[in-house]
Amino acid sequence: MWQAAGASIVSVPSNEVYNALQTGVADATDTSSGSFVSFRIYEQVKCLTAPGENALWFMYEPVLMSKKSFSRLDRKQQDVLIASGKKSQAYFAKEAKALDDEMVRVFKDHKVEVVTLTPAEYDQWVKVARESSYAEFAKEVPDGQKLIDAALASSSTRPCTGRREPPFVYRPDIANRSRPIG
């Protein structure tokens, strides 16, 4: 998606993002809200695109178990596992919002411009995603288009609305450079 939007991709390990931004190897990055704060990215950027109503991206951190292993559990164990997963999901959603809020506060405290995507900007990014990432996923993953359709149908009429977007999105109207990390 970044490339389809005109960016050049630079692959940098998370613990080297600060230096990549500092030295000009990269001009933007996306990572979790907690990492943005703990890596002090606010010292190297001029603008933060904060999570908001028109979210485009979220941090997906599932606990996975094979169907074979799950099937070997008795019904009580399966029920406990599903219930604990739902409880964990609710906890993470609350904690993720707190991390988002903390990130916005810290970046503002360090005089970084904080913006959110407008509906029009969101729609432009979704168009880029449909033409790039979605199309590639549909082509490369077995039943990829079916999975995309199911994911979009299970959210709202707008893809990804209500989900968390990358805390720093390359915005040519704000940034002076053009090489985000991806």
Side-chain angles (χ1 to χ4, degrees), residues 1-2 9 11-17 28-42 48-107 114 116-117 119 121-123 125-169 180-182:
M1 186 169 102
W2 287 113
I9 304 303
S11 214
V12 178
S14 293
N15 64 335
E16 295 179 22
V17 168
T29 188
D30 55 8
T31 189
S32 68
S33 298
S35 292
F36 266 88
V37 174
S38 67
F39 290 145
R40 300 182 336 269
I41 300 302
Y42 50 80
L48 171 86
T49 303
E53 280 298 310
N54 297 300
L56 187 62
W57 179 86
F58 70 104
M59 185 63 69
Y60 184 62
E61 301 178 74
V63 174
L64 300 174
M65 179 180 212
S66 75
K67 185 174 180 180
K68 183 178 177 182
S69 295
F70 185 78
S71 296
R72 285 196 304 248
L73 300 176
D74 64 37
R75 184 66 176 162
K76 184 178 178 182
Q77 291 170 319
Q78 290 176 353
D79 290 345
V80 167
L81 189 60
I82 290 170
S84 62
K86 288 179 180 180
K87 183 177 180 180
S88 296
Q89 183 176 341
Y91 174 81
F92 177 76
K94 184 181 124 205
E95 292 302 310
K97 173 71 171 115
L99 285 172
D100 292 345
D101 293 344
E102 173 70 5
M103 177 188 64
V104 168
R105 185 192 64 73
V106 168
F107 274 68
V114 176
T116 56
L117 292 177
E121 290 167 332
Y122 169 86
D123 289 341
W125 279 109
V126 169
K127 183 176 186 279
V128 171
R130 287 184 189 277
E131 294 169 357
S132 60
S133 302
Y134 290 15
E136 185 177 337
F137 186 86
K139 181 178 153 189
E140 300 291 327
V141 174
D143 293 322
Q145 187 60 54
K146 184 178 174 183
L147 292 168
I148 290 169
D149 294 342
L152 296 176
S154 71
S155 61
S156 66
T157 56
R158 288 177 56 120
C160 301
T161 297
R163 297 199 177 156
R164 299 175 59 225
E165 64 191 292
F168 184 80
V169 173
I181 297 170

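Count residues from 1 along the sequence. Since the model is a prediction, treat every value here as computed from it, not as a measurement. Note that these values count all heavy atoms, side chains included, but never hydrogens, waters or copies made by symmetry.
Between Gln145 and the options Asp143, Val141, Asp149, a side chain to side chain contact (heavy atoms under 4.5 Å, CB included) holds for only Asp149.
Note on Arg105 versus Glu102: salt bridge recorded, some NZ/NE/NH1/NH2 to OD/OE distance being below 4.0 Å. At a threshold of 4.0 Å, the pair Lys127-Asp123 does not count as salt-bridged, since none of the basic side-chain nitrogens sits closer than that to a carboxylate oxygen.
To the nearest 0.5 Å, atom CE of residue Met103 and atom OG1 of residue Thr31 are 10.5 Å apart. Taken from CZ in Phe92 to CG in Leu99, the straight-line distance is 7.5 Å, to the nearest 0.5 Å. Taking CG of Asn54 as the reference point, atom OG1 of Thr49 lies at 12.0 Å (rounded to 0.5 Å). Here the CZ-CZ distance, from Arg130 to Phe137, works out to 14.5 Å after rounding to the nearest 0.5 Å. Residue Gln78 holds its CD atom at 8.5 Å from CE of Met65, rounded to the nearest 0.5 Å. Separation of atoms CG (Asp79) and CG (Leu73) is listed at 10.5 Å; rounding is to 0.5 Å.
Closest approach of Ala50 and Val104 over heavy atoms only: CB-CG2, 3.6 Å. Shortest non-hydrogen contact noted between Asp30 and Trp2 is OD2-NE1, 3.4 Å. Of all the heavy atoms in Thr29 and Phe36, the pair that sits closest is O-CZ, 3.7 Å. The two atoms that bring Glu121 and Leu117 nearest to each other are OE1-CA, 3.4 Å, heavy atoms only. Residues Met1 and Ser132 approach most closely at CA-OG, 3.3 Å, considering heavy atoms. Minimum interatomic distance between Val114 and Phe107 (heavy atoms only, all atoms of both residues): CG2-CB, 4.1 Å.
More than 12 non-hydrogen atoms from other residues, nucleotides or ligands lie less than 6.0 angstrom from CD of Glu95.
A donor-acceptor pair is defined here as one N or O able to donate and one able to accept, closer than 3.5 Å; no such pair exists between the side chain of Glu136 and the backbone of Ser133.
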